[in-house]
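In what follows, chains carry the letters A, B, and so on, assigned in the order in which the sequence lines appear, proteins first and then strands, with residues in each chain numbered from 1. Not measured: the values here are computed from a predicted model.
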4 protein chains.
Amino acid sequence: MSHNTYGHLFRVTTWGESHGPALGCVVDGCPPGLRLDAADIQHWLDRRKPGTSRFVTQRREPDEVRILSGVFADERTGGQVTTGTPISLMIENVDQRSRDYSDIARSFRPGHADYAYFAKYGVRDYRGGGRSSARETAARVAAGAVARKVLGEGVRIRAALVQVGPHGIDRSAWDWAETENNAFWSPDAKAAALWESYLDEVRKDLSSVGAVVEVHAEGVPAGWGAPLYAKLDAELAGALMSINAAKGVEIGEGFASATLTGQENADEMRMGAEGVRFTSNHAGGILGGISTGQTVIARVAFKPTSSIPTPRLSLNEAGEEIEVRTTGRHDPCVAIRAAPVVEAMTACVLADAFLRHRAQTGGGAFVPGQTGRR
Amino acid sequence: MSHNTYGHLFRVTTWGESHGPALGCVVDGCPPGLRLDAADIQHWLDRRKPGTSRFVTQRREPDEVRILSGVFADERTGGQVTTGTPISLMIENVDQRSRDYSDIARSFRPGHADYAYFAKYGVRDYRGGGRSSARETAARVAAGAVARKVLGEGVRIRAALVQVGPHGIDRSAWDWAETENNAFWSPDAKAAALWESYLDEVRKDLSSVGAVVEVHAEGVPAGWGAPLYAKLDAELAGALMSINAAKGVEIGEGFASATLTGQENADEMRMGAEGVRFTSNHAGGILGGISTGQTVIARVAFKPTSSIPTPRLSLNEAGEEIEVRTTGRHDPCVAIRAAPVVEAMTACVLADAFLRHRAQTGGGAFVPGQTGRR
Amino acid sequence: MSHNTYGHLFRVTTWGESHGPALGCVVDGCPPGLRLDAADIQHWLDRRKPGTSRFVTQRREPDEVRILSGVFADERTGGQVTTGTPISLMIENVDQRSRDYSDIARSFRPGHADYAYFAKYGVRDYRGGGRSSARETAARVAAGAVARKVLGEGVRIRAALVQVGPHGIDRSAWDWAETENNAFWSPDAKAAALWESYLDEVRKDLSSVGAVVEVHAEGVPAGWGAPLYAKLDAELAGALMSINAAKGVEIGEGFASATLTGQENADEMRMGAEGVRFTSNHAGGILGGISTGQTVIARVAFKPTSSIPTPRLSLNEAGEEIEVRTTGRHDPCVAIRAAPVVEAMTACVLADAFLRHRAQTGGGAFVPGQTGRR
Amino acid sequence: MSHNTYGHLFRVTTWGESHGPALGCVVDGCPPGLRLDAADIQHWLDRRKPGTSRFVTQRREPDEVRILSGVFADERTGGQVTTGTPISLMIENVDQRSRDYSDIARSFRPGHADYAYFAKYGVRDYRGGGRSSARETAARVAAGAVARKVLGEGVRIRAALVQVGPHGIDRSAWDWAETENNAFWSPDAKAAALWESYLDEVRKDLSSVGAVVEVHAEGVPAGWGAPLYAKLDAELAGALMSINAAKGVEIGEGFASATLTGQENADEMRMGAEGVRFTSNHAGGILGGISTGQTVIARVAFKPTSSIPTPRLSLNEAGEEIEVRTTGRHDPCVAIRAAPVVEAMTACVLADAFLRHRAQTGGGAFVPGQTGRR
């Protein structure tokens with residue numbers, strides 16, 4: 001996590017502004033010999049693509065990714081594979097409407113990065129938020145697609161919205177299949193229906209609202225994560241908090257664990273047919289910064305979209321007091337499109353942890369009652 | 001954040017196990033010429049010292065820090081100062097009661113790192129939790145003392161407990177001075193009284209409970225933080241989540257921001273007598289990953305102490321199903337002693353962000369209505 | 001220096017293969033507000049461009065660089081400037097002659113990276129050497145152009161060839177202006193004339209030859225470099241040795257210093273009109289890993305071009321013993337085109353050292369007889 | 001290589017000054033389960049210990065190392081092993097003669113780091129050179145001992161002096177066993193005899209002289225090293241150049257390769273009984289930044305000891321022109337004691353490369369004529 005690079009060994013460097021000619025990333029440190037075509041990446045990009053429902057930005061971007069390096073179609077391997085060299089991915093910005101930005105060029109939109117970038121850099125690309133635009137997350141999703149290849153089929157990463165504004169899902173109704181059937185990645189069909197009417201209301205009120213995304217990584221073996229400052233949960237927290245509009249991250253029970261007793265919180269252990277079996281997962285699959293073999297579970301809170309059509313008091317670069325009101329295409333709930341990004345960042349964190357675990361230990365984990373690594 | 005090193009430029013590498021001969025850290029990258037004596041560090045260590053009240057571990061450790069390198073008493077500077085070379089800090093373990101560990105040596109205590117360390121490493125120092133013991137946080141607090149020197153008097157970092165089990169404070173009663181008057185770092189005297197009787201009850205029940213710590217960093221100037229993957233909030237999240245028993249981190253409104261509307265969440269801006277003035281601080285002092293000049297605010301959720309005298313089901317290294325019950329000295333609420341650690345990690349994050357900001361920009365920030373950096 | 005990223009704060013990540021669609025780099029951590037146009041970069045790229053004389057590869061590449069991010073044309077600044085966000089630079093490969101590679105696809109060319117890449121990765125882009133091609137150095141030169149902007153006009157970095165095969169220059173005839181007048185970056189016109197006939201001979205012999213490049217960085221202030229493992233000379237050594245075909249690096253007297261006595265080697269100091277004055281520069285401007293204010297001087301030895309038309313014994317991937325002979329366009333002395341690359345890497349090292357020095361100290365240096373930093 | 005930390009995965013952070021209470025290092029990222037006792041480290045420290053012959057400093061230091069963390073004596077493993085947590089090593093400074101330093105406290109000794117540290121930091125521990133003292137290399141040797149454990153018995157790293165002043169060895173007389181028989185690590189007995197009388201002469205002349213150390217790492221498998229900026233040769237160059245007094249590094253033929261033709265330089269390949277066989281090793285075991293399976297060979301040039309009893313012109317901190325003359329115990333040829341340090345740094349570089357190779361590829365290498373990794 002240096003500047004615009006994420007990761008230690010599986011390293012992702014993203015670049016690009018909302019209204020520049022293109023954006024992209026360089027994925028470095030990827031193991032060689034993994035099958036990788038543009039279509040593998042496009043699949044995940046299409047899931048976060050703008051314009052897929054009336055609840056997300058209507059910007060029209062095909063978001064077509066090109067692989068510029070790091071792969072090779074070798075007849076022996078029967079398809080295009082990674083070569084172990086940097087994988088450069090590029091997505092051209094097509095719909096950079098060259099509209100007149102003079103009204104917002106010198107203004108600070110409340111809740112946005114405008115003022116902070118001005119204070120730090122003095123100069124900023126104000127068109128569409130420039131570098132601080134959520135458009136950058138396309139590069140994360142592309143990198144996440146490569147990370148999934150590193151993790152392989154055994155690790156399954158899925159995110160869902162579990163709360164929109166004040167409306168949470170009914171967790172007993174959780175159905176992963178349902179997340180593909182509604183516009184909100186909701187695992188609860190009823191919640192999705194509620195959110196639909198709720199968000200229509202929010203938009204009519206010229207407002208926006210926040211939400212909470214939950215991600216599950218199934219199949220993560222025990223042993224990933226490197227205490228103490230590269231703990232798996234610490235790295236997840238950092239990576240997920242780096243997503244635009246994120247304001248909170250929790251693992252397992254998270255903030256609710258403050259109210260638990262020691263008895264309640266202890267995930268008890270038994271031997272099952274396939275090895276260690278926990279009777280509960282309050283820990284979210286991580287103890288002491290190391291994965292336990294249970295499903296890794298995290299939640300991310302997103303603030304409401306800052307771009308709203310309702311005027312807010314603010315300043316401009318000249319120090320004048322002004323009103324700011326955002327017009328144009330904007331998501332009423334930015335977190336909806338964040339779900340694929342949460343998945344992607346989780347994939348990057350895990351791929352990086354996997355490689356470091358393999359480096360230090362050779363891979364595998366010790367199993368109670370057995371000798372040596374499995 | 002690599003292995004056991006925290007930070008990019010202000011780098012802290014900690015080492016040591018609970019029952020080894022000593023623990024400590026190397027603080028590298030510290031600016032030269034800062035006044036630094038052992039007493040400066042001891043002041044903060046004494047605040048997290050075990051045995052200060054009946055609600056924290058009764059282990060008897062003087063926790064006396066020695067500075068082994070990186071400082072020099074130069075007559076011209078009129079006192080001991082940092083030299084810019086690595087500052088090695090060491091704390092000897094005095095009370096490593098060499099009791100018989102054979103009962104827990106091969107067992108996995110639920111909620112602890114035991115099983116995870118076993119799975120990853122195969123071998124582990126099981127005495128007192130070894131490397132995963134909260135004792136390591138003494139090294140963090142020592143490093144945090146150096147970080148405060150880097151930040152100088154202008155930045156003030158204070159933490160408070162705002163919730164113990166289900167009992168939150170009355171925020172309207174917030175009084176920082178009060179945190180020095182009770183055993184719980186509570187800014188609300190009434191809450192402290194309630195927690196006292198509540199925790200006595202918890203202990204009688206052979207149980208433990210979680211809590212939430214809130215930290216405020218006042219005086220952080222605008223411009224610190226480096227998007228996108230070294231965002232100030234992302235780095236705070238990672239650093240705070242790396243503390244033992246942490247399960248959640250939030251910035252500003254955090255998870256509550258999911259329920260806010262865009263209008264509510266927008267921190268509006270006005271020009272005040274001393275420059276930019278925000279009318280609220282839902283953002284917790286960070287926008288787009290960069291500090292805004294407002295107070296930086298974060299909260300950390302801690303799970304209940306995992307060491308409890310009530311038996312829990314578990315396994316041992318042989319794969320046998322057993323019961324585990326922790327006897328001996330243990331905090332009923334581990335978060336109480338975490339408050340100074342939260343402060344220390346926040347100080348380290350900010351010192352590191354300060355140095356990187358100065359590197360890229362030369363320091364200072366642009367102010368609306370003025371030219372050049374201030 | 002991780003994988004394909006160079007630098008700590010001024011970070012350059014390069015990507016691309018010789019015969020892929022494009023190559024490029026992401027320059028991250030650049031200070032904001034620096035004037036930067038594509039033409040500023042193109043100037044340096046044109047100096048290393050293939051096809052400029054009969055002594056360098058005849059591949060026809062325009063090597064036109066595009067800036068895809070990280071700059072913004074802001075009317076107030078009166079030109080395009082860096083914004084502090086990642087600068088993505090791309091150069092399309094135009095002349096990737098899609099010739100038949102079947103003859104070398106499975107063969108290991110002696111002296112090349114072929115076998116090493118095969119052993120490590122199993123799969124490799126064999127077209128034109130793939131990632132190991134000297135073509136990658138175009139990205140380094142592009143990054144170096146940005147680094148020069150960071151360093152400003154005060155630091156001047158120039159490289160020259162001082163030896164080709166067994167033929168060294170006459171150092172007493174050194175004239176920097178001359179390096180622009182011949183095809184060899186020779187500061188000695190007579191040496192250049194000799195090399196011309198010598199290299200024609202080498203080529204007629206279906207052979208190639210090595211050379212030594214010397215780089216001078218004038219105007220580097222005292223104080224840059226961070227002991228002990230980020231010493232300025234250690235970082236220069238690493239960066240310069242990372243250039244294709246480099247086999248040796250020395251600073252100041254370098255290997256000759258082994259034969260000097262302590263008296264000879266001591267660069268004595270006097271006070272001059274403009275501060276500290278050294279009476280000699282055996283150290284090459286670096287003591288204890290920190291710049292002294294003298295000209296920083298390094299030399300890099302390059303091996304002969306490995307691609308030669310004379311057959312050599314080798315193996316193929318099937319383990320069969322074969323003969324390999326390289327046909328087609330190739331430099332008889334790869335070091336000629338390395339001179340701009342040596343300059344570029346030196347610029348990157350210095351820009352990175354400058355930023356880190358500013359981070360830790362605020363910038364400037366102490367001067368004997370004066371108080372405070374200058 | 002950040003500040004005082006070497007390495008990416010196998011990370012060594014050193015600390016300590018020449019005349020402080022102690023010095024040491026933290027070795028982080030070490031694989032778990034390796035046998036490691038203090039005696040394993042002491043063995044290597046004893047080889048660089050001061051006072052072993054009249055040609056090295058007469059400072060009396062027992063250099064006894066203590067392991068403060070990261071190991072555990074577990075009955076199952078039958079001995080003390082690494083646990084995968086940070087290994088803290090400490091060596092107390094015993095012979096920090098508290099002599100009067102007032103004569104040199106404000107002076108800059110030519111060829112030393114004095115002036116550079118003053119310019120950068122303003123304040124410095126001038127006693128015995130402080131942080132810039134060669135005494136720091138004890139920590140490197142200690143870390144190197146751990147690195148050798150990581151590499152295992154299969155990799156053998158040995159260094160020898162091959163030149164002292166103008167006197168080189170007779171390479172045809174190379175005998176590794178001889179390096180243990182003389183005070184100079186000379187593989188050539190006759191050269192050792194010559195150096196002995198030569199250095200006596202040098203000392204009588206109140207002078208000092210430089211030397212060249214050569215290191216061989218046998219048994220390094222093919223595939224280690226990570227292009228492009230973490231090439232094995234680039235990392236070796238950086239690590240070796242970071243050693244005190246180093247002024248040049250070369251790999252394989254090094255600077256001599258500039259004079260070779262392409263035919264001469266090509267290490268031809270044949271299939272041998274045990275796989276790939278090279279008919280020569282001009283490359284020094286590294287091609288394209290990746291090991292080839294041949295012996296890795298590097299040479300390091302060291303300048304003459306800067307501390308000489310002959311007066312030299314210099315300045316003091318007040319800017320006054322003075323004469324400096326070093327009295328007391330000093331090596332006439334600092335490179336003699338550098339040989340174990342060169343070995344240690346080579347071990348650290350290789351251990352780090354090994355772990356990264358295992359991370360990205362799972363370990364092993366492809367072999368011509370066979371499928372899959374071996």
Under 4.5 Å from a heavy atom of chain D, the part of [X] involved:
X        : answer
C/Lys303 : both
C/Leu232 : neither
C/Ser314 : both
C/Phe278 : side chain
C/Leu313 : both
C/Asn316 : backbone
C/Asp233 : both
C/Thr261 : both
C/Gln163 : side chain
C/His112 : backbone
C/Ile243 : backbone
C/Tyr115 : side chain
C/Val367 : backbone

Under a 4.5 Å heavy-atom cut-off, does chain C meet the side chain of [X], its backbone, both or neither?
X        : answer
D/Ala283 : both
D/Arg131 : both
D/Leu236 : neither
D/Leu240 : neither

Please list, chain by chain and in numerical order, all residues satisfying side chain to side chain donor-acceptor pair (under 3.5 Å) with D/Thr279, sequence neighbours excluded. none

Is there side-chain contact between [X] and [Y], with at least one heavy-atom pair below 4.5 Å?
X        : Y        : result
D/Phe366 : C/Glu317 : no
C/Lys247 : D/Glu253 : no
D/Glu136 : C/Leu228 : yes

Within the 3.5 Å criterion, strictly below it, is a donor on C/Thr13 or D/Tyr229 matched to an acceptor on the partner's side chain?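 No donor-acceptor contact under 3.5 Å links the two side chains.
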
To the nearest 0.5 Å, what is the distance between CH2 on C/Trp224 and NZ on D/Lys120?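 NZ of D/Lys120 is found 10.0 Å from CH2 of C/Trp224.
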
Between atom NZ of D/Lys231 and atom OG of C/Ser242, what is the distance when rounded to the nearest 0.5 Å?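 Here the interatomic distance stands at 6.0 Å.
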
Report yes or no: does C/Glu321 contribute a side-chain atom to a donor-acceptor pair with the main-chain N or O of D/Met271 at less than 3.5 Å?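 Here the side-chain-to-backbone pair exists.
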
Just so I understand: if I count every heavy-atom pair under 4.5 Å between each of D/Gly225, D/Ala119, D/Gly252, D/Gly111 and chain C, which residue has the most? D/Ala119

